[in-house]
Protein chains: 2
Amino acid sequence: MKKNYLEKNKPEHLIKDAKLLVVNYPKVPLTVDCVIFGFEENKLKVLVIKSDLEYYKEHYSLLGDIVKDNEELDEAAYRILKERTGMNDVFLDQVRAFSHPNRHPGGRVITVAYCSLLNINHHQLKIHDNDLNWHSLSDLAEMAFDHKEIVDQCYAWLQKRIQEHPLGFNLLPVKFSLRELQNLYEAILAVSLDRRNFRKKFASMDLLIDIDEMEQDVPHRPGKLYKFNFEKYEKSKRKWIGIDF
Amino acid sequence: MKKNYLEKNKPEHLIKDAKLLVVNYPKVPLTVDCVIFGFEENKLKVLVIKSDLEYYKEHYSLLGDIVKDNEELDEAAYRILKERTGMNDVFLDQVRAFSHPNRHPGGRVITVAYCSLLNINHHQLKIHDNDLNWHSLSDLAEMAFDHKEIVDQCYAWLQKRIQEHPLGFNLLPVKFSLRELQNLYEAILAVSLDRRNFRKKFASMDLLIDIDEMEQDVPHRPGKLYKFNFEKYEKSKRKWIGIDF
DNA sequence: GCCTTACTATGTAAAAGGTACACATTATCT
DNA sequence: AGATAATGTGTACCTTTTACATAGTAAGGC
């Protein structure tokens with residue numbers, strides 16, 4: 001979906017003037033960093049990789065790369081995700097830019113953070129260079145650059161976002177039990193929820209499809225499996241009004 | 001509040017390596033644009049200025065400027081606000097970056113949008129260059145660059161944000177009546193609200209201080225004036241949990 | 001086959017919060 | 001003095017949230 005903000009038939013000299021202006025703008029190295037969350041063993045995980053900067057040897061960093069000439073930020077983020085995980089049918093949201101002048105030891109580099117959630121089992125990490133791995137969010141201590149701060153802000157973004165949008169289903173198998181769904185919410189929000197009320201809440205939304213299958217290979221009574229009704233959700237997005245602070 | 005991500009005592013050669021790396025990064029011109037909302041005559045307004053680019057002659061644009069070398073984005077935004085309005089004790093939030101390659105006729109320029117709200121009467125615009133003025137949001141049609149899109153996204157950001165944070169008080173006089181407060185919410189959310197329920201809601205939050213004064217110079221029965229209890233609010237920020245989509 | 005275990009599934013009562021709605025009051029203006 | 005245009009307040013109803021307990025079922029060990 002390309003937009004074109006340039007009006008047609010503007011005289012050449014106006015464009016030339018504009019170009020002359022921009023040529024003198026200071027320029028900054030710009031990167032994109034992706035915070036990719038996954039969920040496994042009832043823990044929220046984040047995809048990290050060993051920094052290839054000697055300066056940050058043995059520190060983990062986010063998946064990031066420079067933004068190419070004439071590349072949109074979104075494009076760059078999708079490219080990075082694709083290159084590293086092979087996935088391309090995944091949503092990716094811009095969270096914010098980070099611009100501290102000392103955030104990179106090599107000089108000023110501004111980065112824009114993107115956030116994505118994906119199902120760990122849907123996809124094997126093909127590249128194992130630099131120890132690419134899913135790391136538990138809870139024991140992610142030091143990271144290269146300001147990446148810990150970026151992760152923290154993306155986590156806060158996620159906590160808020162998942163309460164208002166059905167993001168969580170990207171982290172689960174297509175068919176999931178209510179228990180799995182609740183575990184996910186409990187892990188992300190770091191709270192414990194009442195099971196009956198949780199189920200009632202989702203029942204009242206009427207967005208889960210009972211597919212008449214049962215869990216397999218669980219060491220206890222299996223629960224029913226559901227799918228999320230994305231179609232119905234898309235149709236019924238509502239504007240939320242309610243002052244509350 | 002400066003952060004320092006650089007660890008002490010790293011060998012010089014590591015820094016040199018990092019610098020060599022960054023030197024080869026592609027570089028992009030970067031700007032900041034401020035979407036500054038105000039409220040007057042029961043209308044939400046936005047501060048705009050005639051574009052000084054001949055290419056966009058007679059089009060309004062946002063207050064923006066390049067980001068200087070080694071300047072943080074936040075700093076740049078505050079600088080612009082200060083330069084243009086004289087204000088410096090105002091909050092300013094980053095909304096997001098815009099990166100379409102054709103958004104600027106002079107070539108690729110990435111911009112980061114910031115949003116702020118300020119009280120129109122607290123402050124006279126000192127500079128009237130380029131027709132700097134408060135423009136009604138509702139009849140802001142064409143703008144230079146992608147600034148209309150930026151305004152739209154910041155407006156959406158504001159609508160959401162004002163329901164969860166007491167931003168609105170930045171747009172009102174320090175002492176305000178409940179009617180003014182309600183008008184503000186109605187204007188921003190573009191809905192009409194029941195007066196009794198609106199008052200009840202704010203009464204139950206217990207964040208308004210009845211200052212025992214009355215409106216002056218209104219052509220009807222004057223209402224009570226209130227102040228917002230920022231102190232109490234700061235102390236009692238709560239974590240909101242509630243799945244809803 | 002029976003018992004234990006560990007989970008699933010479900011309902012109800014009380015509290016809190018949101019919505020809809022009407023009437024008396026009080027400054028101002030003429 | 002009366003008309004006007006607001007302010008200020010209360011109640012009944014409905015919806016949502018919260019807290020909480022018991023019955024049912026598959027698996028696993030004996």
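Within every chain, numbering begins at 1; the chains are lettered A, B, ... in the order of the sequence lines, protein sequences first and strands thereafter. Every value quoted in this text rests on a predicted model; they were computed, and no experiment measured them.
- With a 4.5 Å cut-off on side-chain heavy atoms, Leu62(A) and Phe145(A) do not count as touching.
- When the side-chain nitrogen and oxygen atoms of Arg179(A) are compared with OP1 and OP2 of dC7(C), none of them lie within a distance under 4.0 Å.
- We find that CG of Asp244(B) is positioned 9 Å from P of dT16(D), with the value rounded to whole Å.
- In this structure, Leu178(A) atom CG and dC7(C) atom P are separated by 16 Å, rounded to whole Å.
- Position along DNA chain D of the nearest nucleotide to Ile243(B) versus Glu215(B) favours Glu215(B) as the more 5'-ward residue.
- When the P atom of dT8(C) is taken as reference, atom CG of Leu225(A) falls 12 Å away, rounded to whole Å.
- Residues satisfying the side-chain hydrogen bond (donor to acceptor under 3.5 Å, both in side chains) test with Ser177(A), not counting sequence neighbours, are Glu180(A), Glu215(A).
- The NZ-P distance, from Lys224(A) to dG24(D), rounds to 16 Å in whole Å.
- The closest side-chain heavy-atom distance from Leu207(B) to Phe228(B) is below 4.5 Å.
- The shortest distance between side-chain heavy atoms of Glu142(B) and Lys148(B) does not fall below 4.5 Å.
- For the pair Phe198(B) CZ and dG18(C) P, the computed distance is 13 Å after rounding to whole Å.
- Regarding Lys201(B), its NZ atom lies at a distance of 14 Å from the P atom of dA16(C), rounded to whole Å.
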Reading nucleotides 19-30 of chain C from the 5' end, what letters show protein touch, with B for base, S for backbone sugar-phosphate only, - for no heavy atom under 4.0 Å?
BBBB--BBBS--
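- A straight line from CG of Leu193(B) to P of dG18(C) spans 13 Å, rounded to a whole angstrom.
- No side-chain heavy atom of Phe169(A) sits under 4.5 Å from any side-chain heavy atom of Tyr233(A).
- One can place CD of Glu180(A) at 14 Å from C1' of dC7(C), the figure rounded to the nearest angstrom.
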Taking distance alone, no hydrogens or angles, what donor-acceptor pairs closer than 3.5 Å link side-chain atoms of residues 37-47 of chain B to residues at least two apart or in another chain?
from	atom 1	to	atom 2	distance (Å)
Glu41(B)	OE1	Lys45(B)	NZ	3.4
Asn42(B)	OD1	Asn183(B)	ND2	3.2

